[in-house]
Amino acid sequence: MFENLSERLGGVFDRLTKQGALSEEDVKTALREVRVALLEADVSLPVAREFIKKVQSKATGSAVTKSITPGQQVVKIVHDALIDTLRGEGEPGDLKIDNPPAAILMVGLQGSGKTTTTGKLAKRLAGREGKKVLMASLDIYRPAAMEQLAILGAQVGVDTLPIVAGETAVQIAKRAKQQATLGGYDVYMLDTAGRLQIDETLMQEVEDVRDAVEPRETLLVVDGLTGQVAVEVAEEFDGKIGISGVVLTRMDGDGRGGAALSMRAVTGKPIKFVGSGEKMDALETFEPERIAGRILG
Ligand code: GDP
């Protein structure tokens, strides 16, 4: 089991406070513990380093060193700084989908949970927000993926674009746009094809689709359990396609959530939603407080 950061810092400060007032060196010792905790939570090393630098000056302030509970003070400073880094601009679950029909492009690697998330988000938009939603699968390589989206659509009561064999991804995207316009839809969601790894053909195809529909939102779906890999995937997609936000899936698993911090720090893009299970209602608005708590253990 991971040791809880508060307990761990408590131990360090207990040792230190016995010596009287805390020195800058003592705070450094404590922050080394914070760094270990971050790394254990799967935060990448450069991000953990940068983060420690950020909290260092706050933690060496006299309020901490003179405090009788310096451990708790440092935990609070670290906690607040985590939330600060995790919180993007705007409200986490907000999507720019005014001016109908608005395209939402769903991108990511195969197996990340992209199709499932498309269904979940469609359900949320149609239900909670009362939008008229159309979904279309652009996965021309895997007919089963197209079927999967159609099944999810039927399950959540959201329309899917009829499947037509032999079309390119761009042709399907354009047909979805046309149908969304003619049918008076507020939103059309495009579930792009994933690959096991990023490759040129995949990126080019997504770029072509992006240029054809000019999506209002481009959401990258990544497996939150893959840690550093998820961050590399996000950098790559953001560099090539330009993403507007991230959905972290499998946050119901036992990962510590460090990927979320690295993701925010590296890409600067907001995490908008979190997938918390396989069911269609297991999609939550991203809450920085929860992830911060989880990272700190
Ligand atoms: P895609 O290839 O990216 O479209 O991935 P899928 O949407 O087909 O999902 C792959 C698997 O992950 C399926 O079995 C989903 O039920 C599962 N999955 C997706 N999101 C989550 C999540 O947030 N939590 C859990 N536990 N499983 C998920």
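Atoms within a ligand are numbered from 1 in the order they appear, just like the ligands themselves.
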Practice item. Heavy-atom cut-off of under 4.0 Å around ligand 1: list whichever protein residues fall inside it, by chain and number. Key: Leu109, Gln110, Gly111, Ser112, Gly113, Lys114, Thr115, Thr116, Lys120, Arg142, Gln148, Thr249, Arg250, Asp252, Gly275, Ser276, Gly277, Glu278
Check your understanding: Going by atom types only, do Thr285 and Arg124 share a side-chain donor-acceptor pair under 3.5 Å?
Key -> yes
Practice item. Please list, chain by chain and in numerical order, all residues satisfying side chain to side chain contact (heavy atoms under 4.5 Å, CB included) with Gln197, sequence neighbours excluded. Key: none
Review point. Taking atom CD of Glu287 and atom CD1 of Ile83, what is their separation to the nearest 0.5 Å?
Key: 10.5 Å
Using residues 136-144 as the side-chain source, report each donor-acceptor pair under 3.5 Å to any protein atom, sequence neighbours left out, with the distance given to one decimal.
residue	atom	partner	partner atom	Å
Ser137	OG	Asp139	N	3.3
Asp139	OD1	Tyr141	N	3.2
Asp139	OD1	Arg142	N	3.2
Asp139	OD2	Arg142	NE	3.2
Asp139	OD2	Arg142	NH2	3.4
Tyr141	OH	Glu205	OE1	2.4

Review point. Quick one: side-chain hydrogen bond (donor to acceptor under 3.5 Å, both in side chains) pairs with a partner in residues 42-56, sequence neighbours left out?
Key: Lys54-Thr85
Point to revise | Gap between atom NZ of Lys272 and atom CG of Asp94 - 0.5 Å precision | key: 7.0 Å
